[in-house]
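This report concerns only the one structure given below.
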Amino acid sequence: MEPVGQQPEDNGEAAKEKVTLPIKQGSIHGFESLHRLLEASLSPQLFQEVSRLLLGLNCGCPLERIALLETTTSVSEKHYFDLQAFRFHADKEPLREPRIVRVGLIQNSIALPTNAPFSEQKTAIMQKVKPMIDAAGASGVNVLCLQEAWMMPFAFCTREKRWCEFAEPVDGESTQFLQDLAKKYNMVIVSPILERDLNHGETIWNTAVVIGNQGNIIGKHRKNHIPRVGDFNESTYYMEGNTGHPVFETAYGKIAVNICYGRHHPLNWMAFGLNGAEIVFNPSATVGELLQPMWPIEARNAAIANSYFVGSINRVGTEVFPNPFTSGDGKPQHSDFGHFYGSSHFSAPDASCTPSLSRYRDGLMIADMDLNLCRQLKDKWGFRMTARYELYSELLAQYLKPDFAPQVIVDPSWQKRP
Ligand SMILES: NC(=O)NCCC(=O)O
């Protein structure tokens, strides 16, 4: 049974209509997203103005929605996933043709309870995600990214080692499943998995496999920054990645993957930019209990600072584990992480961004993006040109030395307290 909706104080006529719907877990009083809440609550004129301020403008205009085929929208209704599509324009250039790429993001909840046999859990997730991949393929998506460790529950809160059994080699079961789809739809697919490295002592990594549009494996990237916050006990399972900041030059553009917690590290974002990324995906697993306001800010800021597009993906739902656990923070034992709030979206280098997908439903977000926008923003704002990398390189080199002393100039007239 779903919890019954509560009546907000005064949300206008449309909102009153909506609150008769049951409140979904993790929703905003029954609303799927902030954007939908505002749309239902404000007059059209006010909503337009608020959207402009919240989402920015792309080439001076609000982001355009793309109408998808009826066959695709009916699949989304049948499988109850959120489907949204937008278009980012760039200015017309006299010497270069537009480079328009259609990009997709998929967010999903797990398919079976976490106490079901592991093989059944994995198969059920694949079956659940497949209609969304098919919808992306049928919509002409060129590059698609799934969420972090999409083929398993995010069990790293538990510290139990049995969840390692979900790990697969880079060319394992889930990759093979996606290779067929990549080939079928001529689509690059980024597949974040729990990796088992057979050639190096069967060690575990948090890895994104990049599958080319011919179904070939282009390469992999391993998560650079491993969290030690809240219930994110991932360091029990895998170490910091050893693959650097690769950019994968695909048939559709230069892409990179900054896996989840790496989004809190501006230098991580920067490194992908220095290597020439035009689209950086941030497949994630994050919950409301951590600082949710960080979610839309960090990705958008990275897109602006590095003059590339960012696709942010977060899983959906509450995953309850068989055995309660604690995380050394004094909180009572519990059996779940909290609610993974979805809210996947795109951010562009010109500071515009799409609204977010649902906070509680599976979803497919599609965006057309003219990659020419990246260089146009570099030329306009000159962030690369003005970056003064040599200053930071010197500081970092000093900082890494054991005898580093911070550059602090003390006011000579200030009497330090004894
Ligand atoms: N998956 C992961 O790295 N989560 C850490 C928490 C966060 O960065 O929001």
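Ligands are counted one by one from 1 in listed order, and the atoms in each one are counted from 1 as well.
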Within the side chain of Q84, is there an N or O that forms a donor-acceptor pair under 3.5 Å with the backbone of L364? no

Given 3.5 Å as the limit, does a donor-acceptor pair link the side chain of N142 with the main chain of V101, or not?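 Side chain of N142 to backbone of V101, a donor-acceptor pair under 3.5 Å: no, none is there.
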
Is it true that W295 and S343 share a donor-acceptor pair across their side chains at a distance under 3.5 Å? no

Going by distance alone, is a donor N or O of one side chain under 3.5 Å from an acceptor N or O of the other, for H89 and E64? yes

What is the nearest protein non-hydrogen atom to [atom], stated with its residue, atom name and distance?
{"atom": "atom 1 (N) of ligand 1", "result": "E148 OE1, 2.8 Å"}
{"atom": "atom 9 (O) of ligand 1", "result": "T286 OG1, 2.6 Å"}
{"atom": "atom 8 (O) of ligand 1", "result": "H264 NE2, 2.6 Å"}

Is there a heavy atom of [X] sitting under 4.0 angstrom from any atom of ligand 1?
{"X": "F156", "value": "no"}
{"X": "A285", "value": "yes"}
{"X": "K223", "value": "yes"}

Atom NZ of K183: over 12 foreign heavy atoms under 6.0 Å: no

Give the contacting part of M294 toward ligand 1: side chain, backbone, both or neither, where contact means a heavy-atom distance below 4.0 Å.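 The answer is neither.
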
Hey, is F232 touching ligand 1 through its side chain, its backbone, both or neither, going by heavy atoms under 4.0 Å?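 Just the side chain.
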
Give the numbers and elements of all ligand 1 atoms closer than 4.0 Å to a heavy atom of [X].
{"X": "P227", "result": "2 (C), 3 (O), 5 (C)"}
{"X": "C260", "result": "1 (N), 2 (C), 3 (O), 4 (N)"}
{"X": "F154", "result": "1 (N)"}
{"X": "R263", "result": "7 (C), 8 (O), 9 (O)"}

Out of L291, N282, L290, who gets a non-hydrogen atom closest to atom 6 (C) of ligand 1? L290

Minimum heavy-atom distance S358-D82, with the two atoms named: N-OD2, 2.8 Å

Closest non-hydrogen atom pair, I211 against S191: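 Smallest heavy-atom distance, with atoms named: CD1-CB, 4.4 Å.
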
Could you go through E195 and R222, starting from their C-alpha distance and side-chain angles, then the distance that decides it, and tell me whether this counts as salt bridge (Lys or Arg N to Asp or Glu O under 4.0 Å)? CA-CA 9 Å; E195 181 204 347; R222 291 174 174 156; 2.8 Å; yes

Taking the six-membered ring for Trp, are Y261 and H265 ring centroids under 6.0 Å apart?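 For Y261 and H265, the ring centres are under 6.0 Å apart.
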
